[in-house]
Structures are given as structure tokens and as C-alpha cells.
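Following: one structure in C-alpha cells, then a few remarks.
Lettering of chains follows the sequences in order, A, B, ..., and the numbering in each one begins at 1.
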Amino acid sequence: MSASTRIAEVLAGSVPVGTKATIEGWVRTRRDSKAGLSFVAIHDGSCFDALQVVAPAELPNYQTDVVRITTGCAVRAIGEIVASQGKGQSVELRADSIEVVGWVDDPDTYPMQPKRHTPEFLREVAHLRSRTNIVGATTRVRHTLAQAVHRFFHERGFFWIHTPIITASDAEGAGQMFRVSTLDAANPPRLPDGKVDWDKDFFGKEARLTVSGQLNVESYCLAMSKVYTFGPTFRAENSNTRRHLAEFWMIEPEIAFADLAADAQLAEDFLKFIFRVLLDERKDDMAFFEKFVDPECVKRLTAMIETKFTRMDYGEAIKILEKSGEKFEFPVKWGIDMQSEHERYLTEKVVKGPIAVVNYPKDIKAFYMRLNDDGKTVAAMDVLAPGIGEIIGGSQREERLEVLDARITEMGLHPKDYWWYRDLRRYGTVPHAGFGLGFERAIQYATGIENIRDVIPFPRAPRQAEF
RNA sequence: UCCGAAGUAGCUCAGGGGUAGAGCAGGCGGCUGUUAACCGCCGGGUCGGGGGUUCGAAGCCCUCCUUCGGAGCCA
């Protein structure tokens, strides 16, 4: 590997014509010419395009190896980078040697053919689907966006906090959780009343996989000032849709000495930054998505980057919807949790651009969101975008202990379950705010890929954990 | 979980009571500085599983499984 050249460098022109190079990768197609040469398209994942390797019949292993190469073979080709005589590419590698490092032992049943596959089929061969154009492109986009996330926060003085995956506090309150246990499921230790004795379990109490790092990251926010989490989260909901996963990655920044307005500005700056990086750095892959997956994707990202996000009060949004004359499936009135039809109407028809809707009724929002002076609303925000609806949800957090306790109780929860979270309000409390973004949804938004299971390497969903 | 649709060759699909088809892929041959090439020949299927109806089922009925889309929940 170390001595080889990546195809991205060759195709970018970083390797001058006339230079000798070693290329290592996997074969996409082979075409023979009886004029005495074969064309082997090689892919190494470094960029969208394959490199054409020209193999002359004079190669000693031409008859024994080269003409037996099929799609999927791993090869090492050594030769000179030359200007191409053909039309499809500017440069190619004229091979002095081609070594087949790994054969495809049964080409007849090798699943990855040089043609378009359905995404459903590719999910059944998730261990091989990274060899396709679409999954390769998605993988590079995912990587680039992830790097952009870290770059955005790092450049602004945020610290990346590794919040725990396993949590024993049953207090995150964001949906069904997966249990983590070392007890014998068939025969767990029991208390006299027949209930499972969790005191005997690994952590001495019930433990689960996290559904959000927010509560933990708040504690670091109230010391480090600007922090974020970026890691896997888990939901044991039996939801089978193209927008849900049981395991997904979430980005949750948290800023101290900040209010909702600062939070909304952070969200806007954040989205614009990561999508600008994507458009700048993955032109090849985005051109592919634009051509074969979603003709609107580049236009959509460009518009988001260039448009100032509108700020709109929830009450104002409801009034606009009520006066719209539009027939909605779900009726509109103050107090409702807006459906996606409402959100899309606002962002696509009214504003025709991204909106941050703020100050939602307290009854439809979480206990930790800061109560506004009107006593009816909380300092929550949703960022809505054309073509998708809600992309970010966030809030200013309730920093006043009495108000927080009242809200916890009001929601039927118990303050003692939140003792350490409450401590943050007892010792040097400060206004702070943050938001959450589902990373896979951002990738869907950027690429237009419809099913979320195709933007994560090995999707976890109900009844799906084969790979 | 609910509603709807679909499971036939390695892949994409046609066939809808009378004994299994095409294109692509694969093998062999031809042709060409080729471009997910083109032409010819060949191999390849428990028609998702089980049960039933029938002289006869891939097809009709029942049931289960799986997948997809929508809804709910949400990120």
C-alpha cells in the first residue's frame, strides 16, 4: 500500500504524464481488444472515477491471468501514466505488469455486477456494496460531512465530548431504550416478589444504551463553555420507515452564556458550513448524485448556503397556516405539534427557504426547555428546510432550579432521578442552549438518497443486524 | 405496530390452471484503442416456506416468513 499511488491523485493530475506508478484496487470492468490489449477499469475508492489500465498482450501473464480477470478481482498494476488515446479519460496507466492479488472464485455468482442494482438488493450484500458507485460516493460524502462537523466546531473553540454509550440513568426520556445486561436472560436472579434483581447485574442497576448525549454534554458545557457530542445513539422503537434507524449518529452542540437566538445562529452557521465544505470538496460525487439520484440536490444545498434563515415565532407560524386557506390533513390551531405537511408548507410555500421556528407551546416539548415569561411557551426551536421539513431541533435549557423542578413534576417525572442534572443548576448555573441533528438525515438531505439505510454502512433496524 | 404492494435464473423483470421465458451477468467463439462496447452459441430455476383445491398449481385458496412504500413515533 505504502508504495502505491491512489487513483484520485492520478486523475487529479498530481502525477505527471511519464511517471511510473503502482496502482492497487478492484476491477470494475475488463474489455479486450484483439488489437492486442485489454482495458481494465480499476477502482480504489479514493474518488468517484475508475482508472483505465491498458494491458498489452505482450505481458507474460496476459493469456493466463489478464484475460481471466472479472469484475471484483483485486489487482496491482505497475506502469507509466500516459495521455489516453481514447475518449473517456485524459490519462491512463500503460501496464508493465498486472498482478492479480485476489481472484473472484466464482464470477458467475459474484453479486456486484457492473450495472445498476436496486438499493434493496445492495442491502442484502452490505459487505460488498461499498464497491458500487452509489455506496462509494455516499461513503465519501459521509466522511466529508463528518470531517466538516469536527472542523466547524474545532475552528470555533468547541470541545468534542465523548458522552457515554451505556447509561444507567433512566432519565433521558427520548424514547424506547435497548437494555444492556450481563444477566442470564433465561434465568435471571430474582427478588422475593419475583421481579428481576438488577442489583446483581453488571452495573448494580438497570443499564441501557443512550438515546441522547445531551444531559451529559450539558455538564461539560457548564465548565468548558462550548462543547459538542458526535457519536452513535440508539432507539429501540419498532419503527420501520425510510427515515429511522435503531442505531444512528447524532450531533449535539451546547453553548454556555447563550440564549435561543445564539443557538439559532449557531445552527444556521453550522449547516451552511458543512454543506459548503461538501460542495467544495466532493464535486465528483455530488455530480453523480445530481445526475442519477436527485437532480435537485446541488441546487438545494446551494440555495441553503446562500439564503439567510428566516426567524419565525411559533404563534406567527400558526397564524400564517390558519390564514393560508390551505386544506391540511391535520387541522391547525395554537397548541398543536406541527405535522410535516405544515412544516413543509411554511418552508416551501411561504418562506421558500430555511426557517427557524421558535417558542413552542410548553406542553408539546421536553421538560428541560426553558420556560418563557409568558408561562405558556418554551425557548425551543426547529430548523425547517425546503424538501425535508425539520432538520434540527434545539432549545435554550431551563437554568432555574425551581422552574426545572416544577416542569419535571408537571411532566410526571421525579426530580430525584435527575439529581446530578439538577446539581448543574445549584452550582454556578448559567443560561445555555444547544441543538441536535441526526447525521444520517443530513446525508439524506445532501444526497437525495431516499432510504436512511443506504447512508450508513451497516444499518441497524428492527430485524436487521446481519452484518 | 397499523394500512397497502411485492417475492420467478447471480441481477432486473415477463408469464396469471396444461409441465419455465427475456435482457443483463457468467462460459466459449468472433469483432473492435475499448468506454457499465457489439455479434453468435452454451450452461443456469424446489417460481419465498408450509398446507389445501384440482386429473394437473409458479398461477387459485389458507397460513407463515421476508422486503418495499405510507402512517404513527421521532433524529
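- Base contact: A:Leu245 has a heavy atom under 4.0 Å from a base atom.
- Using a distance-only test at 3.5 Å, with no hydrogens or angles considered, no donor-acceptor pair links the side chain of A:Ser84 to the main chain of A:Ser90.
- Using a 4.0 Å heavy-atom criterion, one finds that A:Gln52 contacts the bases of the nucleic acid, with or without backbone contacts as well.
- Aromatic ring centroids of A:Tyr345 and A:Phe328 lie under 6.0 Å apart.
- Across all strands shown, A:His117 has heavy atoms under 4.0 Å from sugar-phosphate atoms exclusively, and none from any base.
- Nucleotide B:G26: paired with B:C42 (Watson-Crick or G-U wobble, both distances less than 3.5 Å).
- One can place CD of A:Gln89 at 13 Å from P of B:A37, the figure rounded to the nearest angstrom.
- Salt bridge annotation for A:Glu124-A:Arg129: absent, with no cationic side-chain nitrogen under 4.0 angstrom from a carboxylate oxygen.
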Could you list the protein-to-nucleotides 5-7 of chain B atom pairs, N/O on both sides, closer than 3.5 Å?
none

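- Under the 6.0 Å cut-off for aromatic ring centres, A:Tyr418 and A:Phe367 qualify, their centroids lying closer than that.
- Counting non-hydrogen atoms under 4.0 angstrom, A:Phe330 reaches the backbone sugars and phosphates but no base.
- Here A:Arg116 lies in heavy-atom contact (under 4.0 Å) with a base.
- Proximity note for A:Phe121 (side chain, C-beta onward) versus B:G33, B:C11, B:C68: the nearest is B:C11.
- Using a 4.0 Å heavy-atom distance criterion, A:Arg68 is classed as making no nucleic acid contact.
- A:Gly436 comes within 4.0 angstrom of no nucleic acid atom, judged by non-hydrogen atoms across all strands.
- Rounded to an integer number of Å, the gap from A:Arg463 CZ to B:U67 C1' is 12 Å.
- If you check every strand for non-hydrogen atoms under 4.0 Å, A:Thr241 touches a base.
- Considering only the side chain of A:Arg243, B:C73 comes nearest among B:C73, B:C68, B:G69.
- Whole-Å rounding puts the A:Lys87 NZ to B:A37 P distance at 17 Å.
- Using a 4.0 Å heavy-atom criterion, one finds that A:Gly438 contacts the sugar-phosphate atoms exclusively.
- Put simply, CD on A:Glu120 is 13 Å from C1' on B:U66, counting in whole angstrom units.
- Using a 4.0 Å heavy-atom cutoff across all strands shown, A:Ser38 reaches no nucleic acid atom at all.
- Residue-level contact check: A:Gln85 touches the bases, meaning some heavy atom is under 4.0 Å from a base atom.
- Across all strands, A:Phe248 comes closer than 4.0 Å to base atoms (heavy-atom distances).
- Listed pair A:Asn451 / B:G69 meets the phosphate criterion, a side-chain N or O lying under 4.0 Å from OP1 or OP2.
- Phosphate proximity of B:C73 to A:Arg235: absent, as no side-chain N or O sits under 4.0 Å from OP1 or OP2.
- Note on A:Gln464: every side-chain N or O is 4.0 Å or more away from OP1 and OP2 of B:U66.
- A:Asn133 comes within contact range of no nucleotide atom at all, as no heavy-atom separation falls under 4.0 Å.
- For B:U32, the OP1/OP2 oxygens have no side-chain nitrogen or oxygen of A:Ser33 closer than 4.0 Å.
- For A:Arg344 and A:Glu348, the salt-bridge test passes: some basic side-chain N is under 4.0 Å from an acidic carboxylate O.
- When heavy atoms are screened at a 4.0 angstrom cut-off, A:Gln214 is found touching no nucleic acid atom at all.
- One can place CD of A:Gln176 at 14 Å from C1' of B:G72, the figure rounded to the nearest angstrom.
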